[in-house]
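One-based numbering along the sequence shown. Side chains are part of it too, since the values below use all heavy atoms of this structure and drop only hydrogens, waters and symmetry mates.
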Amino acid sequence: MFQAMHILSCSFTLLLFTEICTLPLVEETMMNRCGLLTVNKEPVPLKSIEVELEVRDHVATVVSTLNYENKEDKPVEAVFVFPLPGDAAVCHFSAKLGQTQIVAEVKEKQEAREEYDDALSSGQQAFLLEESQQSPDIFSLSVGSLPPGESASIRLEYVTELAVQADDGLRFSLPAVLNPRYQPQGSEVSSVQVTSVPASLVPYSLSLSARVSSARPVSKVESSCSLDPLQYLNTDQTQATIKLSAGHKFDRDVELLIYYKDAHQPTAVVEAGQASAKQGSLMGDPVVMVSLYPEFPQSVMSTVASRGEFVFLLDRSGSMTSLLTNSKQEKTRISSARDTLLLLLKSLPMGCYFNIYSFGSRFERIFPKSVEYSQQTMEEALKKVEEMDANLGGTEILMPLRHIYSQPCIPNQPRQLFVFTDGEVGNTKEVVDLVKKHSGSHRCFSFGIGEGASSALINGLAKEGGGHAQFITGTDRMQPKVMQSLRFALQPAVVDVSVTWDLPKGVSVTALSPPITALFQGQRSLIYAQLTGQSSEAAEGSVTVKYSLAGHPSQNQLNFSLKPAEDTGSTVHRLAARTLIRSLEMEEREKREEKDGVKKKVVELSVQSGVSSSFTAFIAVNKTGGEAIQGPLLRRNIPTVSMYLCAKLGSPMTMSCAAPARVRGPRGCTGDLPRLRGEGYSLEQQLGSQRKSLRHFHMSPDDNWVQPPLSPGEYSVEQPLGSPRKSRYSDMSLDDDGATASQSPQDPLLQLVSLQKASGCWQLDPALAAALGKTSEEVEKSKPALVNNEEWATILALIWLHGFKMDAKEEWELLAMKAVSWLRAQNALRVTDCVDAGNALLGSSVQKDALGL
């Protein structure tokens with residue numbers, strides 16, 4: 001079923017050790033030097049990155065080859081930090097030196113580090129790959145003792161599942177951006193300094209080719225980056241190849257959206273165990289991967305809950321001032337988040353409760369506790385939302401989460417938490433663990449905003465919180481993705497989920513996946529299980545998922561053959577091992593008294609399966625030749641891309657990531673780096689003497705746009721000094737009584753939405769007429785006799801939405817449903833006449849049935 005499938009993501013950065021240096025870029029000097037140079041005018045050993053991707057149905061195998069060359073006259077060591085998808089199973093690491101191939105082994109992390117240090121001290125070449133202790137989506141790669149004039153090719157391989165999108169596309173993301181990860185005050189995590197430059201100055205190239213195959217035809221492949229045309233390899237279009245166009249600018253993650261012609265169907269793939277592995281072990285027994293796509297009754301899916309406590313948690317750290325997309329719209333992450341909160345607040349049902357938290361180095365909340373949704377509370381919240389800027393400093397997300405969870409849940413109002421962040425935190429595991437601890441009391445929906453958002457954080461929040469994760473990158477609009485998650489939140493929660501197996505006599509099953517806590521319409525649920533025992537190849541089994549939906553028991557069953565699939569290699573086993581490793585790592589953090597026993601299990605499983613973990617590392621040593629090195633090795637900085645620094649500074653800077661950091665002393669001795677983050681450590685403090693100049697850098701050619709003084713931990717603003725605040729949604733402002741002035745916002749849809757009342761209706765006033773592109777006289781004159789003003793206004797708004805904004809239906813569908821419910825409750829008169837008159841006024845031809853009336 002699966003063939004070898006390939007890629008590795010890359011945005012690589014040499015780890016700096018005990019000092020932080022940010023030297024100015026001198027282009028003339030750089031141009032006079034030969035070969036690749038860093039911003040510090042040092043030769044760069046990394047020349048190019050070649051990525052191959054193979055996608056088989058919804059699983060991808062990724063291989064990346066990194067080519068190095070030492071053009072200096074002394075041996076060098078390069079240590080790089082790079083991002084990977086948070087759910088990737090890294091399963092191969094090797095180095096090629098001339099004709100010599102060295103395949104790395106997985107060993108306990110400290111043992112691997114000591115072996116690496118010993119090898120370098122002896123003059124041998126060594127290679128070390130290890131996962132960050134704090135975030136599984138950051139890795140460091142050490143290329144040690146590369147002799148003068150020699151080249152080396154490093155091959156890394158991982159496997160991963162592709163997430164299903166709202167439009168049934170499968171999303172693959174190759175992280176190419178590594179943003180600074182904020183470490184909370186008082187954190188004990190050692191951090192690594194990495195050099196960051198604007199995308200245009202990245203001194204190595206990236207190439208990517210992909211092969212897609214499935215039993216179903218491939219209809220199209222889309223990307224946030226420029227691609228060469230899709231090439232089909234057979235007449236039934238079930239196999240195709242595609243390439244990233246030459247000259248990738250490193251200004252965004254490489255994202256591919258893959259579409260098959262038929263809807264996703266439930267499948268089960270059995271993969272045979274390895275003959276060389278011990279029977280009864282994970283790698284020795286067959287493993288089954290079950291993909292389920294639950295289908296719920298339409299009668300249930302068409303209902304929208306009128307209850308719930310909706311808590312919105314918005315990131316207001318300085319990095320949220322970065323542009324949301326790479327387009328010319330100049331829309332920042334924070335401004336798009338404000339627009340999204342407007343839609344969310346207008347779409348909430350009457351009778352629910354809500355609150356809005358925002359956070360940076362500290363956190364704020366609009367209400368002391370969640371309040372009932374009404375016209376008054378909605379208007380009060382919108383006023384506060386308009387005032388929100390990305391001016392709260394760092395990214396201390398744990399504090400507001402703890403405060404939210406400390407608040408008692410409201411009886412009969414299920415709590416739904418929406419988290420909006422650019423995902424730049426260093427304590428990912430601690431945050432995810434907290435959400436899991438409280439998973440029984442709420443559902444968590446997460447949104448990763450912009451390039452470089454941590455997939456480990458965003459996916460982890462949703463997975464452990466029983467919710468759904470979304471990423472907003474490239475030219476994506478935030479609003480439709482958020483509104484899809486709100487529809488999930490408003491649908492009845494699936495509870496009492498259980499999985500049962502029916503297998504032939506003599507075959508037993510061991511679950512490898514954690515229990516399923518959430519099911520959503522059309523969203524894939526994966527189950528991994530180990531099969532022990534003997535059966536005939538003709539034997540069949542079945543798996544049944546039972547659950548309760550809206551008080552009604554339901555189930556989905558899938559029958560499958562126990563005959564192992566061909567050409568899958570060890571893909572399913574590796575994915576299953578990764579799933580079990582992640583579960584055990586979380587258990588190790590929860591069960592303090594059993595830490596050593598659980599850690600031992602993780603190390604044994606990681607070594608047995610060849611899949612990385614936070615407690616192990618890949619180590620490869622070229623044991624031929626070598627002389628003891630006198631003095632320290634040269635270290636060379638290979639810069640990575642940070643979108644925040646690109647957007648704000650356009651010049652080289654250093655940043656921090658939570659990744660392994662060590663100092664090598666005498667042979668065999670290693671230790672942690674002195675912790676560079678003290679209490680309240682921030683990007684500015686990292687820059688030391690440069691902080692003062694950073695605080696006053698110019699934001700644009702307009703001399704009024706100057707960075708004002710900031711408190712510790714804060715490093716951005718958006719407003720010009722002394723400028724009056726304008727409404728975010730319009731040029732209008734909200735008066736003290738909540739009324740709106742008559743001026744209009746730039747976005748016609750947001751203009752109309754901003755005028756809707758909490759009940760779902762619109763008022764007949766000049767602001768509505770302006771939003772519809774008409775005068776007050778035209779609107780009032782067209783109203784049929786005996787029709788209530790608010791009913792007429794609401795029908796006009798619905799006609800305008802259906803007639804002119806169908807391309808954005810996902811954004812306004814819920815608030816339109818609320819408007820229709822309001823009209824029904826009014827027993828509105830002459831609806832047909834109103835629709836006809838509205839079409840005549842607006843120049844549209846919307847049918848009454850299309851409005852839901």
Results of salt bridge (charged side-chain N to carboxylate O under 4.0 Å, His left out) for [X] - residues two or more places apart only:
| X | answer |
| --- | --- |
| Glu813 | Arg487 |
| Glu161 | Arg578 |
| Glu540 | none |

(message) For Asp57 and Leu170: C-alpha separation, side-chain torsions, deciding distance, then whether side-chain contact (heavy atoms from CB on, under 4.5 Å) applies.
(response) CA-CA 9 Å; Asp57 291 328; Leu170 294 172; over 6 Å; no

How long is the span from the [atom1] atom in [X] to the [atom2] atom in [Y], to the nearest 0.5 Å?
| X | Y | atom1 | atom2 | answer |
| --- | --- | --- | --- | --- |
| Phe618 | Ser612 | CZ | OG | 5.5 Å |
| Thr544 | Gln557 | OG1 | CD | 3.5 Å |
| Tyr293 | Thr267 | OH | OG1 | 6.5 Å |
| Leu282 | Gln274 | CG | CD | 9.0 Å |
| Leu129 | His92 | CG | NE2 | 11.0 Å |
| Met483 | Leu814 | CE | CG | 5.0 Å |

(request) Run the ring-centre check on Phe445 versus His468 and record whether the distance is less than 6.0 Å. (result) no

(request) Taking the six-membered ring for Trp and the full ring for Phe, Tyr or His, determine whether the centres of Phe93 and Phe139 are under 6.0 Å apart. (result) no

Using atom types as modelled and distance alone, determine if a side-chain donor or acceptor of [X] lies under 3.5 Å from a backbone N or O of [Y].
| X | Y | result |
| --- | --- | --- |
| Arg524 | Leu162 | yes |
| Gln530 | Ser281 | yes |
| Glu69 | Ala152 | no |
| Asp285 | Gly280 | yes |
| Ser132 | Ser135 | yes |
| Ser446 | Ile458 | yes |
| Ser205 | Ser48 | no |
| Ser219 | Tyr259 | yes |

(message) Let's go through Lys220 and Glu222 carefully: what are the C-alpha distance in whole Å and the side-chain angles of both, what is the deciding distance for salt bridge (Lys or Arg N to Asp or Glu O under 4.0 Å) to 0.1 Å, and is it a yes or a no?
(response) CA-CA 7 Å; Lys220 61 179 178 178; Glu222 297 178 347; 3.1 Å; yes

(request) Tell me, with the steps shown, if Lys809 and Glu811 meet salt bridge (Lys or Arg N to Asp or Glu O under 4.0 Å). (result) CA-CA 5 Å; Lys809 184 178 180 181; Glu811 301 180 32; over 6 Å; no

(message) For Lys805, is there an ion pair with Glu810 - N to carboxylate O distance below 4.0 angstrom?
(response)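 So Glu810 does not pair with Lys805 through a salt bridge.
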
(request) Determine, stepwise, if the pair Val543 / Thr500 fulfils side-chain contact (heavy atoms from CB on, under 4.5 Å). (result) CA-CA 6 Å; Val543 58; Thr500 58; over 6 Å; no

(request) Just do the side-chain contact (heavy atoms from CB on, under 4.5 Å) check on Val218 and Tyr260 with the steps written out, would you? (result) CA-CA 4 Å; Val218 180; Tyr260 299 125; 3.9 Å; yes

(message) With a 6.0 Å cut-off (strictly less than), is the heavy-atom count around NZ of Lys96, excluding the residue itself, greater than 12?
(response)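 Open: at most 12 neighbouring heavy atoms sit under 6.0 Å from NZ of Lys96.
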
(message) Run Asp137 and Ser455 through side-chain contact (heavy atoms from CB on, under 4.5 Å) and show every step you take.
(response) CA-CA 7 Å; Asp137 61 346; Ser455 61; 4.0 Å; yes

